[in-house]
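Report on the structure given below.
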Amino acid sequence: MKTSVRISRGVESLFGTRDENIRLIEAGLGVHTQLVDNSLEIEGEAASVSRAESILEDYNALLREGCVFNNGDLNSYLRVVTMDPEVTLRALVSSGKQRNFGKKILAPKTVNQRRYLEAIERNDLVFGIGPAGTGKTYLAVAMAISALINKQVARIILTRPAVEAGERLGFLPGTLQEKVDPYLRPLYDALYDMLDSERVEKLLERNVIEVAPIAFMRGRTLNDSFIILDEAQNSTQEQMKMVITRQGFNSKMVVNGDITQIDLPTGRMSGLIHAVEVLKGVEGISFVQFDERDVVRHALVQRIVKAYERYNETTGAARQLSLKLAEPDAPAAEDAPQA
């Protein structure tokens, strides 16, 4: 089957850098395209051509309505709609409402990112689990900044385990804070991206924003706080229980991790894997599972993640974790084992 769709404007955005967007449509749907004057000719199986035509018509309509695609947004949307026939480009763009996070205005770029933000809004404890580059940390920090700006919380607590990624750094010079800061750098990076550097420094000085390793959490009760535990796959079972029981009144907590990148010593079970098994089905806790389709970094990162997944499936090198996502209003499991 062969058809053509007229593209009156926005051709540059449609094709993307080095034609990456149009090549994504071709590869994802198994079609061939050719730009003729202001029309894009599409050739392939009838169902695939029809699907491509629907996506392009949505693209045209969104442009006419004033939608602007920036910084790889369209590529992220196209990855979703070419993989999931139930999702339309219009629905994906429209449902991903823009939100104001400090100096950033962001919109979720995938279905799971939208579910993640909605889960954080609805629940007091959310687990975000999935591969690198899916926006788990960045979006959690964005939601924390939003809650602080809107006076929903009085402070932000950012923490992660101080575990080397397969390295042994040995002695590090400097004060205790200077020793642990390198482990916490990704959290600082997200903060400085959301707020002006001067404001971040003032909030850090006043301890309105606190960035600290897990060891600093013991014995505390964190009221009126937004707490983020990042790289949670590298926490032990004891550390995980200690951190998630720090949550006080009027507080939210987000726990993020990637169970395929565990750097704990051999024989130590990840606190993240253990927590998912223990807390599954508990009312008020939400689990959001990300996959390679949610990767919003360079397109190559998505292919790398998929390649590792295929390797692990064929060799059995990674423990597979099946998550049954708990509904927000699901009743608590009376027989759930205690942490």
Side-chain angles (χ1 to χ4, degrees), residues 1-101 104-119 130 133-135 138-139 142 288 290-303 306:
M1 179 179 174
K2 187 174 183 179
T3 188
S4 63
V5 178
R6 184 173 180 81
I7 308 294
S8 57
R9 61 190 181 92
V11 172
E12 298 82 1
S13 151
L14 173 62
F15 275 70
T17 306
R18 296 189 295 275
D19 296 345
E20 61 181 357
N21 292 342
I22 208 68
R23 285 192 285 109
L24 192 156
I25 293 175
E26 291 180 332
L29 301 178
V31 298
H32 176 72
T33 66
Q34 182 179 359
L35 186 63
V36 179
D37 295 327
N38 288 328
S39 295
L40 192 68
E41 291 187 351
I42 311 167
E43 188 172 2
E45 296 292 330
S48 297
V49 169
S50 178
R51 176 66 174 156
E53 185 177 11
S54 173
I55 292 170
L56 293 172
E57 286 175 350
D58 276 354
Y59 171 78
N60 278 333
L62 288 165
L63 284 184
R64 287 195 298 269
E65 293 165 14
C67 181
V68 178
F69 297 98
N70 295 315
N71 302 324
D73 288 351
L74 182 59
N75 189 268
S76 299
Y77 293 137
L78 289 176
R79 277 188 249 167
V80 177
V81 297
T82 54
M83 290 181 182
D84 190 344
E86 301 298 319
V87 178
T88 67
L89 181 61
R90 170 175 284 281
L92 189 61
V93 174
S94 300
S95 61
K97 63 180 180 179
Q98 288 190 337
R99 303 158 188 252
N100 194 334
F101 301 111
K104 284 280 186 178
I105 297 177
L106 303 176
K109 295 181 180 180
T110 72
V111 173
N112 283 330
Q113 283 192 354
R114 188 175 75 248
R115 290 180 57 246
Y116 181 59
L117 294 182
E118 291 171 352
T134 50
Y138 194 81
L139 291 175
V288 178
F290 295 87
D291 56 36
E292 80 281 352
R293 292 173 298 178
D294 301 301
V295 174
V296 291
R297 291 180 183 167
H298 193 289
L300 183 59
V301 175
Q302 186 183 47
R303 296 195 289 273
K306 189 63 177 176

Quiz item: Does the E45 side chain pair with the main chain of G30, one donor and one acceptor, at a distance under 3.5 Å?
Solution: no
Practice problem: Please tell me if the side chains of L29 and I55 come closer than 4.5 Å, counting only heavy atoms from C-beta onward. | Solution: yes
Exercise. Taking the side chain as every heavy atom from C-beta outward, state whether F15 and L35 have any atom pair closer than 4.5 Å.
Key: yes
Quiz prompt | Test item: side-chain donor near acceptor, N60 and R64, under 3.5 Å | solution = no
Self-check item: Distance-minimising heavy-atom pair for D291 and T134
Solution: O-CG2, 3.7 Å
Quiz prompt | From L40 atom CG to E53 atom CD, the distance as rounded to the nearest 0.5 Å | solution = 10.5 Å
Quiz item: Quick one: are E20 and L24 in side-chain contact, heavy atoms under 4.5 Å?
Solution: no
Quiz item: Quick one: side-chain contact (heavy atoms from CB on, under 4.5 Å) partners of E43, sequence neighbours excluded?
Solution: K2
Exercise. For the residue pair L56 and I42, establish whether any side-chain heavy-atom pair is separated by less than 4.5 Å.
Key: yes
Exercise. Locate the shortest heavy-atom distance separating L89 from Y77; write the atom from each residue and the value.
Key: CD1-CB, 3.6 Å
Quiz item: About how many Å separate CD1 of I25 and CG of L14, when rounded to the nearest 0.5 Å?
Solution: 5.5 Å
Exercise. For residues R51 and V81, determine if any side-chain heavy atom of one lies less than 4.5 Å from a side-chain heavy atom of the other.
Key: yes
Quiz item: What distance separates N21 CG from L78 CG, expressed to the nearest 0.5 Å?
Solution: 5.5 Å
Self-check item: Qualifying residues under side-chain hydrogen bond (donor to acceptor under 3.5 Å, both in side chains), relative to T82, sequence neighbours excluded
Solution: none
Practice problem: Report the residues that fulfil side-chain contact (heavy atoms from CB on, under 4.5 Å) with T88, sequence neighbours left out, ordered by chain and then residue number. | Solution: D58, R90, A91
